[in-house]
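We use all heavy atoms of the structure for the numbers below, so side chains are in, but hydrogens, waters and symmetry mates are not. Residue numbers begin at 1 in each chain, while the letters A, B, ... track the order of the sequences.
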2 protein chains.
Amino acid sequence: MAVLKYSRQREAIKNYLQGREDHPSADMVYDGIRGEFPNISLGTVYRNLSLLTELGEIIKIPTEGADRFDARVAPHNHFICKSCGRVMDIMISVKNPVEEINAQWYGGEVEECRMEFYGICNECKKMKN
Amino acid sequence: MAVLKYSRQREAIKNYLQGREDHPSADMVYDGIRGEFPNISLGTVYRNLSLLTELGEIIKIPTEGADRFDARVAPHNHFICKSCGRVMDIMISVKNPVEEINAQWYGGEVEECRMEFYGICNECKKMKN
DNA sequence: GTGGGTGCAAATACTTTGCAACCGA
DNA sequence: TCGGTTGCAAAGTATTTGCACCCAC
């Protein structure tokens, strides 16, 4: 791609993501920054999220339904609620098995491991009672 | 849901999945069984894949682009090629960290862990040379 | 001034759904 | 027969893209 040029919209999208604990979808980012940029378009949000993902400044997480985005790029793992779809960081570290996998598996070279833990979140458990 | 009734299409879809090493999308399943059922519709394929997923007879794997489906329901992990999108089983077992997570994390109760390993598959490496 | 970025709308990709006909129990 | 299932097409959701205008450099 050509030389990157500054854009206030891209800056705002990245800031918005960095200020969130959850993992918003493109649509949620769009809603979230319309206060600051009332005329921004959803296309611009998608374009910048893709660009930031390519640059490695954010991470894209495919889930059921819309993709989620995460400004925390350091390796970490996620909990995904089977009931409400919420995506949460799991902050505790478990041993990363990448070296183990590469030592034993020949389908390709593994660069990264993402663990996804599925279950029912506490919010949804409360609702059931 | 009401009582399940037998359907040749559903049977064929499940058989098709069980006979594959890869993890086809709905569209690939559709193409794959049109030989046997020339009049089957894509809607029927989607309906049955959803139903089988709910029944726990297959697994749905969200990825970039279309969802993939897997008839191997026993816990196992996947390698996803960043270049071609191919999804492959990683057959070697690494320790499942679910108990470790549940012992230390209070966001919810974890039932299942899926590890996704990202990298470049051997096929794509060959292409580059 | 040049070329990347934006807003807008149309297009595409993926998936679900309403409905009448069909078929398994 | 009864009600779940199918094929078809239309609708719905998620995402990408073409284009004229705008703005950073």
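- Atom CD of Glu64(B) is separated from atom P of dA14(D) by 16 Å (rounded to the nearest Å).
- Here the P atom of nucleotide dG7(D) and the CZ atom of Arg34(B) are 11 Å apart, to the nearest Å.
- Between the CG atom of Leu49(B) and the P atom of dC14(C) there is a distance of 14 Å, given to the nearest Å.
- Paired with Glu57(B) under the rule salt bridge (Lys or Arg N to Asp or Glu O under 4.0 Å), one option of Lys14(B), Arg72(B), Arg10(B) passes, and it is Lys14(B).
- Contact check of residues 40-48 of chain B against DNA chain D (heavy atom, cut-off under 4.0 Å) returns Ile40(B), Ser41(B), Thr44(B), Arg47(B), Asn48(B).
- Axis angle, first five pairs versus last five pairs of the helix from dG1(C)-dC25(D) to dA25(C)-dT1(D): 40°, rounded to 10°.
- With Asp70(A) contributing its side chain and Ile59(A) its backbone, the two residues share no donor-acceptor pair below 3.5 Å.
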* Check the pair Glu111(B) / Lys82(A) against salt bridge (Lys or Arg N to Asp or Glu O under 4.0 Å), numbers first and verdict last. => CA-CA 10 Å; Glu111(B) 295 168 10; Lys82(A) 288 179 178 179; 3.0 Å; yes
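- Per the geometry, CD belonging to Glu54(B) stands 14 Å off P belonging to dG4(D), to the nearest Å.
- Residue Gln9(A) places none of its side-chain N or O atoms closer than 4.0 Å to OP1 or OP2 of dC23(D).
- Straight-line distance from the CZ atom of Phe37(B) to the P atom of dT5(D): 15 Å, rounded to whole Å.
- Scored by the salt bridge (charged side-chain N to carboxylate O under 4.0 Å, His left out) test, Asp22(B) finds Arg20(B) as partners (sequence neighbours excluded).
- In this entry the distance linking CD of Glu11(A) with P of dT6(C) reads 12 Å, nearest Å.
- At a non-hydrogen distance threshold of 4.0 Å, nothing from residues 19-30 of chain B comes into contact with DNA chain D.
- Note that CG of Asn96(B) and CZ of Phe117(A) are 7.5 Å apart. Values are rounded to the nearest 0.5 Å.
- Note that NZ of Lys60(B) and OG of Ser50(B) are 5.5 Å apart. Values are rounded to the nearest 0.5 Å.
- The ring pair (Phe, Tyr, Trp, His ring centres under 6.0 Å) analysis of residues 58-97 of chain B, with sequence neighbours excluded, yields the pairs Trp105(A)-Phe79(B), His23(B)-His78(B), His76(B)-His78(B).
- Atom CD of Glu99(B) sits in a sparse spot, with 12 or fewer heavy atoms from other residues, nucleotides or ligands closer than 6.0 Å.
- A side chain to side chain contact (heavy atoms under 4.5 Å, CB included) with Val29(A) is found for exactly one of Ile40(A), Leu42(A), Val45(A), namely Val45(A).
- Between the CZ atom in Phe37(B) and the CD1 atom in Ile13(B) there is a gap of 8.5 Å [rounded to 0.5 Å].
- Summarising the geometry, the separation between CG on Leu52(B) and C1' on dT5(D) is reported as 13 Å, rounded to the nearest angstrom.
- A donor-acceptor contact closer than 3.5 angstrom links the side chains of Thr44(A) and Ser41(A).
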Anything under 3.5 Å between a protein N or O and an N or O of nucleotides 23-25 of chain C, put it in a table, one pair a line.
unit_1: dG24(C); atom_1: N2; unit_2: Lys5(B); atom_2: NZ; d: 2.7
unit_1: dG24(C); atom_1: N3; unit_2: Lys5(B); atom_2: NZ; d: 3.2

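- Here CD of Glu100(A) is found 10.5 Å from CD1 of Ile90(B). Values are rounded to the nearest 0.5 Å.
- A pairwise comparison of heavy atoms in Glu36(A) and Ala12(A) identifies OE1-CB, 4.0 Å as the closest pair.
- Whole-Å rounding puts the Asn39(B) CG to dA21(C) P distance at 17 Å.
- At a cut-off of 3.5 Å, with distance as the only test, a side-chain donor of Glu116(A) or Tyr118(A) sits close to an acceptor on the other residue.
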